[in-house]
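All values below come from the heavy atoms of this structure, side chains included, with hydrogens, waters and symmetry mates left out.
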Amino acid sequence: MTTKVKFQPANAKLANLAAYLEELWERKPHIYGFSLPAGHSCPFADECLTKADRYTGKLTDGPNTQFRCFMATMEGFQPSMRQSVWANFDALRECKNDSFAMAELLQDAQPKNSDVVRIDVDGDFFNQYYFDAWLIVCRNNPTVNYYAYTKSLGYWVARLGEIPSNLNLNASYGGRLDHLIAEHNLKSAKVVFHPSEADALGLEIDHDETHALFGNSSFALLLHGQQPKGTKASEALKTLKAEDIKYSYTR
């Protein structure tokens, strides 16, 4: 197989996790992410559905978008990022729904020194075969810590009882299959517009990905990223800024 996929070093959000792990492990951790095009590879996205045009970067929000996907926004600004995520997507689809071929592609590209891998920093599990490919990779690398946020909950539910212990999955609220979260008691992550909303729900806010990677309980994520003007999300960002509440991973 000649087509390759690429992993990326930790981005700003994962850098917060790196600082935590460096103190915990007393050495520099090796953290990587793997990405696909936002929206285009997210079959069950709803409230956060945003797509960046592959060639122009123009953003298009979905009909029910309540808050804009942060990674889609990043794709819109960065042509090199769009090129990278689409190259990954194209290569995986060339495997013709062969989970073992996908797993081989991912395994060959994963950096050998990986301590932590976030699956789909950008994008999501686009079908069952791709989801299963990651299960194979996780089983083949038991010393690596993997985690992912996903709205592709049907693929997860289809494999309940088969998730490797080194993979921490987090059901991301705001998709078209949210009902599966309560039905199957899935660990979940919910975007909130203000810390008071998390408090009312009894959820801790994950600021450094430690809840996502190591936790067993559901948690909240504070709204971040650029939001469309005139929306509740954009007004919420104004409130967070006015109250000097940190909501950006790069501030």
Side-chain angles (χ1 to χ4, degrees), residues 1-9 32-46 48-57 60 62 69 71-72 74-76 78-112 114 116-142 144-172 175-177 180 184 186:
M1 187 174 297
T2 57
T3 306
K4 303 292 185 182
V5 296
K6 292 183 179 180
F7 287 65
Q8 305 83 33
Y32 299 93
F34 185 80
S35 291
L36 299 172
H40 300 278
S41 65
C42 305
F44 302 101
D46 190 29
C48 66
L49 180 59
T50 308
K51 298 179 180 180
D53 183 271
R54 177 173 186 168
Y55 303 103
T56 68
T60 302
C69 173
M71 296 308 297
M74 296 296 290
E75 284 182 42
Q78 300 180 22
S80 61
M81 182 179 179
R82 293 198 303 274
Q83 182 178 7
S84 175
V85 296
W86 275 100
N88 285 347
F89 198 24
D90 289 343
L92 287 163
R93 290 185 295 178
E94 286 176 9
C95 293
K96 306 298 183 183
N97 290 333
D98 183 335
S99 295
F100 291 98
M102 290 183 185
E104 182 179 2
L105 199 64
L106 294 164
Q107 181 66 68
D108 288 347
Q110 180 178 292
K112 304 302 181 186
S114 298
V116 174
V117 172
R118 177 175 169 183
I119 302 169
D120 299 335
V121 178
D122 194 357
D124 203 347
F125 299 110
F126 59 88
N127 65 22
Q128 187 73 61
Y129 304 99
Y130 174 59
F131 182 90
D132 292 347
W134 275 111
L135 299 189
I136 295 169
V137 173
C138 293
R139 294 189 190 104
N140 288 342
N141 298 271
V144 179
N145 299 283
Y146 298 87
Y147 77 106
Y149 296 90
T150 183
K151 291 180 171 65
S152 297
L153 305 182
Y155 308 144
W156 179 358
V157 169
R159 299 293 183 262
L160 287 176
E162 302 177 38
I163 307 301
S165 60
N166 60 328
L167 170 60
N168 203 331
L169 292 170
N170 303 278
S172 179
R176 294 189 289 109
L177 298 178
L180 294 178
H184 297 277
L186 303 178

(request) Quick one: do Leu160 and Leu186 satisfy side chain to side chain contact (heavy atoms under 4.5 Å, CB included)? Show the steps, please. (result) CA-CA 10 Å; Leu160 287 176; Leu186 303 178; 4.1 Å; yes
(message) Pairing donors with acceptors under 3.5 angstrom, does anything connect the side chains of Lys51 and Thr60?
(response) no
(request) Look up atom SG in Cys48 and atom CE in Met71, then write down how far apart they are to the nearest 0.5 Å. (result) 12.5 Å
(request) Sequence neighbours left out, what passes ring-ring contact (aromatic ring centres under 6.0 Å, His included) with Phe89? Give chain and number order. (result) Trp86, Phe126
(message) Nearest 0.5 Å, please: how far is CG in Asp122 from CG in Leu36?
(response) 7.5 Å
(request) Can you measure from CH2 (Trp156) to OG1 (Thr150) and round to the nearest 0.5 angstrom? (result) 8.0 Å
(message) Surrounding CD of Gln107 (heavy atoms of other residues, nucleotides or ligands, distance under 6.0 Å), is the total greater than 12?
(response) yes
(request) If the plane angle is over 60° it's perpendicular, under 30° parallel, otherwise tilted; pick one for Phe34 and Phe7. (result) tilted
(message) Run the side chain to side chain donor-acceptor pair (under 3.5 Å) test against Asp53 and tell me which residues pass, sequence neighbours left out.
(response) Thr56
(request) Enter the distance from Arg139:CZ to Glu162:CD here, rounded to the nearest 0.5 Å. (result) 6.5 Å
(request) Could you label the plane-to-plane angle of the Phe125 and Phe131 rings as parallel, tilted or perpendicular, counting under 30° as parallel and over 60° as perpendicular? (result) perpendicular
(message) I need the Tyr146 OH to Tyr32 OH distance, nearest 0.5 Å.
(response) 12.0 Å
(request) Find the distance between OG (Ser41) and CG (Asp120) and round it off to the nearest 0.5 Å. (result) 6.5 Å
